[in-house]
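Structure first, then comments.
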Amino acid sequence: MTRHPPQPHDDDLACQAVVEIVGDYLEGALAPAERRRLEAHLESCPYCTEYVEQMRTIGRSLRGLDRDTIAPERRDALVAAFRGWREP
Amino acid sequence: MEPTRATRPHALAARGDAEVIDALRAGDEATFRALVDLHSPALLRVAMASVPSRAVAEEVVQETWIAVIRGLDGFERRSRPGSSAANLALKGGGRERRSVPFSALATGDDPDAPSVDPDRFLPADHARFPGHWALGPTRWPTPEEGLLAGETRAVIVSAIDALPEAQRTVIALRDVEGWPAEDVCEALGISPGNQRVLLDRARARARAAVERHYGAVERTEGEGAVTPRPLGGTTQQPMEPGP
């Protein structure tokens, strides 16, 4: 990204306010009017656009990361219990 | 028994719940193993957020699965794939030994704390661009699919480990385990709004850690009116409040 001046936006949203509603935006929890206002801001602000994209990327990229689980002996005990239920 | 294609954990997630429950009722051990492997990490996350020790948390998970086994004949056949096995498990008894309500943990983290360090923005009394980025985020050099393949993996793991417990639990369930929001709210007993705030703060801190790692910021220019701020230029600086 080349250096970019802060843009005078047509909307009245400041970037500092934008980052506080990005979470609701990504979760689809913004009211339609608020969502349109945010999207209008994004059209003219490369920094906020990058921020939103990075937040989206973080959310999408963690799947399966370091899944800690129960000890193998507990898992084995559960399988034995399941077998016992099957064959009372 | 080796997992077959249909009983590998991720394949299991794609099978309908009714099919999974029918297989369990028929005594299909491979399906049960796959179910335990698929959902135990999330159940452990939930349990660890509410009981005093890892050992007790594992006991809670174990008891939850025992309750699932005992309840097999009574489960409803549901149609929504993927998540309801965890729901069934949670309803099976995972909450009974909770010693600290999750909502109490969640309030321990200031919900009004900003997502991004206020020093990253021009001041509210700035003549032309109040509240706009002073030090803006720039593109990361690693593509999305490479984030967890390279050295950034350790950066992200470390950032998540350092999160307050409520945030760590929510990001683990939503983004690591892939639970839908409503299941997380139900399992943890928190409101949708609270869940969103915790998730946003957690992602924001993970994002900031990656940003620091890459030094992926640049000072914005604005009519020469951007007052230099003590942020150290475009080099890596702590930009977010610590955990």
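What you see is a predicted model, and the numbers here were worked out from it, not measured in a lab. Here is the naming used below: chain letters follow the sequence lines, and residue numbers restart at 1 for every chain. The figures here come from the full heavy-atom set of this structure, side chains too, leaving out hydrogens, waters and symmetry mates.
- Looking at I66(B), the atoms closer than 4.5 Å to chain A (heavy atoms on both sides) sit in the backbone and in the side chain alike.
- A salt bridge is defined here as a Lys NZ or Arg NE, NH1 or NH2 lying under 4.0 Å from an Asp or Glu carboxylate O, and D66(A) with R153(B) meets this definition.
- Across all their heavy atoms, Y51(A) and S115(B) have their closest contact at OH-CB, 4.0 Å.
- The distance from atom NE2 of H132(B) to atom OH of Y47(A), rounded to the nearest 0.5 Å, is 13.0 Å.
- Between the OG1 atom in T69(A) and the CD atom in E58(B) there is a gap of 7.5 Å [rounded to 0.5 Å].
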- prompt: Yes or no on side-chain contact (heavy atoms from CB on, under 4.5 Å) for W140(B) and Q54(A), after CA distance, side-chain angles and deciding distance?
  reply: CA-CA 8 Å; W140(B) 297 337; Q54(A) 290 174 358; 3.2 Å; yes
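- Nearest heavy atom pair, residue A77(A) against residue Q62(B), reads CB-NE2, 3.6 Å.
- Listed in order of number, the residues of residues 26-36 of chain A that approach chain B to under 4.5 Å between heavy atoms are L26(A), E27(A), A29(A).
- Both the backbone and the side chain of V176(B) come within contact range of chain A, with heavy atoms under 4.5 Å apart.
- For a residue to count as touching a neighbouring chain, one of its non-hydrogen atoms must lie under 4.5 Å from one of that chain's; by this rule I160(B) touches chain A with the side chain only.
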side-chain contact (heavy atoms from CB on, under 4.5 Å) evaluation trace for E59(B) with R74(A): CA-CA 8 Å; E59(B) 276 176 34; R74(A) 289 189 190 274; 3.7 Å; yes
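- Remark: side-chain polar atoms of R75(A) are not paired, donor with acceptor, to backbone N or O of S40(B) under 3.5 angstrom.
- Most heavy-atom pairs under 4.5 Å with chain A, from the set A57(B), A181(B), A124(B), G136(B): that is G136(B).
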task: Could you please spell out the steps behind the side-chain contact (heavy atoms from CB on, under 4.5 Å) verdict for W133(B) and C45(A)?
output: CA-CA 10 Å; W133(B) 291 99; C45(A) 182; 4.3 Å; yes
- request: Mind running side-chain contact (heavy atoms from CB on, under 4.5 Å) on E50(A) and T138(B) for me, showing each step along the way?
  value: CA-CA 7 Å; E50(A) 191 61 47; T138(B) 60; 5.6 Å; no
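- Look at R139(B) and E53(A) and you find no salt bridge, because none of the NZ, NE, NH1 or NH2 atoms lies under 4.0 Å from a carboxylate O.
- Ion pairing between E20(A) and R201(B) holds under the 4.0 Å rule for side-chain N and carboxylate O.
- Note on D68(A) versus R54(B): salt bridge recorded, some NZ/NE/NH1/NH2 to OD/OE distance being below 4.0 Å.
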